[in-house]
Amino acid sequence: MRVDPERPGQPLGILAGGGSLPRIVAAAARSAGWAPLVVRIGDGIAEDWTGYDGEAFAWGRSGDAIAYLKRHQVRHVIFCGTVTRRPDFRSLLPSLRTLVRLPAAIRMVRGGDDHLLRGVSRYLERDGFSMLAVQEIVPELLTPAGLLSRRALREDEERAMAIAATAARRLGELDIGQAVVASRERVIAVEGVEGTREMLARVGDLRHRGRITPSEHCVLVKTVKPQQDSRFDLPSIGEATIAEAAAAGITAIGISAGRSLILGLEDVVAASDRSGIALVGLADEAEEARP
């Protein structure tokens with residue numbers, strides 16, 4: 001959907017989880033003439049949003065959150081940020097507004113992340129909201145194609161990148177995760193419900209225990225799932241990702257070009273160069289390459 005540039009000051013509901021992305025989106029939206037209304041959910045509930053209008057809602061008050069958005073005449077909504085814990089509506093004491101929506105909410109949280117986020121979209125669209133994508137508000141976050149770092153891929157890293165990209169695509173088809181670590185010989189780790197940070201910590205532990213040899217160069221690949229709705233949960237990296245990858249002994253990172261987010265391109269590239277990590281925006285053919 002295209003944002004209407006002729007309606008400055010119209011409210012934009014930001015369903016904000018944790019991390020830096022919601023703040024980037026809110027600042028860009030405000031600069032573009034929107035009036036951000038920040039609804040803090042999940043990991044974002046405890047975040048300080050001084051300077052922005054909004055309120056925090058526990059999962060048991062999701063019905064109240066919808067009523068809050070409607071009361072403020074919000075029509076457009078964007079979901080961004082981390083939500084590491086899923087709502088367990090069976091164990092919550094929901095508000096009355098949530099209780100009437102409970103059957104739909106329980107169906108929504110079944111399955112993988114893609115199923116969950118599509119459910120969130122349908123859940124909100126049925127109430128008359130239009131869902132926007134992060135890249136509609138901050139298009140400069142989209143990953144450029146090609147080599148982004150000073151150092152290019154070595155031959156063994158190119159081989160590892162192809163293995164990891166193929167594995168990541170298969171992983172995505174099953175709606176399991178978006179990230180894979182591989183060397184030129186094998187797949188080292190795949191992302192599950194723990195997320196990229198914990199997967200990289202696991203890789204670091206494997207290397208520390210000698211399960212990965214010092215000469216075995218490993219790469220990280222993050223790709224969109226083949227069936228993924230581009231409005232939600234695009235793969236993303238930031239400076240913290242580079243630091244975590246370096247600590248795990250990762251020597252190269254590939255991420256979907258045009259279908260992923262880099263949170264602060266110049267800073268991330270600079271961090272990659274300082275760590276000696278090759279950073280590449282993977283075009284479609286690279287994502288689908290087979291070893």
Side-chain angles (χ1 to χ4, degrees), residues 2 21 24 80 113-114 117 133-191 196 199-200 203 217-239 241-242 244-246 248 250-273 275-291:
R2 298 185 64 84
L21 182 57
I24 295 172
C80 54
D113 285 350
D114 187 68
L117 293 168
V134 166
Q135 59 270 26
E136 291 182 85
I137 305 297
V138 204
E140 60 268 28
L141 293 182
L142 287 172
T143 301
L147 180 66
L148 305 177
S149 58
R150 284 198 299 262
R151 184 176 74 77
L153 294 174
R154 295 184 286 256
E155 183 180 352
D156 61 341
E157 291 168 339
E158 289 182 351
R159 169 79 175 177
M161 198 74 71
I163 291 173
T166 298
R169 184 172 181 83
R170 300 294 180 266
L171 194 70
E173 287 172 351
L174 296 173
D175 195 11
I176 295 173
Q178 298 173 320
V180 171
V181 171
S183 69
R184 66 173 298 162
E185 290 91 8
R186 55 183 175 160
V187 171
I188 301 294
V190 298
E191 179 189 47
T196 304
M199 180 193 69
L200 288 172
V203 171
H217 295 150
C218 295
V219 307
L220 166 68
V221 166
K222 296 193 73 169
T223 68
V224 289
K225 299 172 183 176
Q227 73 282 1
Q228 187 161 340
D229 188 324
S230 63
R231 295 174 297 176
F232 311 112
D233 195 31
L234 290 182
S236 65
I237 61 171
E239 285 188 83
T241 312
I242 304 302
E244 291 153 6
I250 300 297
T251 61
I253 297 174
I255 183 166
S256 298
R259 301 187 67 197
S260 66
L261 308 175
I262 296 183
L263 309 185
L265 179 61
E266 290 185 5
D267 291 337
V268 169
V269 170
S272 299
D273 289 337
S275 299
I277 292 175
L279 179 62
V280 181
L282 297 176
D284 287 345
E285 60 267 24
E287 288 179 32
E288 297 173 3
R290 293 179 180 273

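Heavy atoms only: backbone and side chains are in, while hydrogens, waters and symmetry mates are out. By convention here, the first residue in the shown sequence is residue 1.
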Using the test side chain to side chain contact (heavy atoms under 4.5 Å, CB included), find all partners of [X] that sit at least two apart in sequence or belong to another chain.
X: Val138; answer: Ile24, Val25, Ala28, Glu140, Leu141
X: Ala179; answer: Glu191, Thr196, Met199, Leu220, Lys222
X: Ala164; answer: Val180, Ala182, Val219, Val221

Is there a side-chain contact between [X] and [Y] (heavy atoms, below 4.5 Å)?
X: Met161; Y: Ile163; result: no
X: Gln135; Y: Leu234; result: yes
X: Pro235; Y: Thr223; result: no

Problem set entry | Residue list, salt bridge (Lys or Arg N to Asp or Glu O under 4.0 Å) with Glu244, at least two apart or on another chain |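 Per chain and number, Glu244 pairs via salt bridge (Lys or Arg N to Asp or Glu O under 4.0 Å) with Arg197.
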Seminar exercise, completed: Sorted by chain and residue number, the salt bridge (Lys or Arg N to Asp or Glu O under 4.0 Å) partners of Glu185 (sequence neighbours excluded) come out as none
Exercise. Under the 3.5 angstrom rule, does the side chain of Ser183 hit a backbone N or O of Cys218 as a donor-acceptor pair?
Worked result: no
Problem set entry | Expected output: side-chain Gln228 to main-chain Asp175 donor-acceptor under 3.5 Å | no
Let me have the donor-acceptor pairs involving side chains of residues 143-154, under 3.5 Å, with sequence neighbours excluded, atom names and distances please.
unit_1	atom_1	unit_2	atom_2	d
Thr143	OG1	Ser260	O	3.4
Thr143	OG1	Ser260	OG	2.6
Ser149	OG	Arg151	O	2.9
Ser149	OG	Leu279	N	2.9
Arg151	NE	Gly276	O	3.1
Arg151	NH1	Glu157	OE1	3.0
Arg151	NH2	Glu157	OE2	3.1
Arg151	NH2	Thr251	O	2.6
Arg151	NH2	Gly276	O	3.2
Arg154	NH2	Glu157	OE2	2.9

For this session: Please identify each residue that fulfils side-chain hydrogen bond (donor to acceptor under 3.5 Å, both in side chains) with Arg184, with sequence neighbours left out.
Result: none
Roughly how far, to the nearest 0.5 Å, is [atom2] of [Y] from [atom1] of [X]?
X: Leu171; Y: Thr166; atom1: CG; atom2: OG1; result: 12.5 Å
X: Ile242; Y: Ser275; atom1: CD1; atom2: OG; result: 7.0 Å
X: Gln178; Y: Ser236; atom1: CD; atom2: OG; result: 8.0 Å
X: Ile237; Y: Leu265; atom1: CD1; atom2: CG; result: 9.0 Å

For this session: Work out which heavy atom in Ile277 is nearest to a heavy atom in Ala252; give both atom names and the distance.
Result: CG2-CA, 3.9 Å
For this session: Please name the pair of heavy atoms, one in Ala248 and one in Val203, separated by the smallest distance, quoted to 0.1 Å.
Result: O-CG1, 3.8 Å
Problem set entry | Trace of the side chain to side chain contact (heavy atoms under 4.5 Å, CB included) decision for Val280 with Ile253 | CA-CA 6 Å; Val280 181; Ile253 297 174; over 6 Å; no
For this session: Would you sort out whether Leu263 and Val268 count as a side chain to side chain contact (heavy atoms under 4.5 Å, CB included), showing the intermediate values?
Result: CA-CA 7 Å; Leu263 309 185; Val268 169; 5.7 Å; no
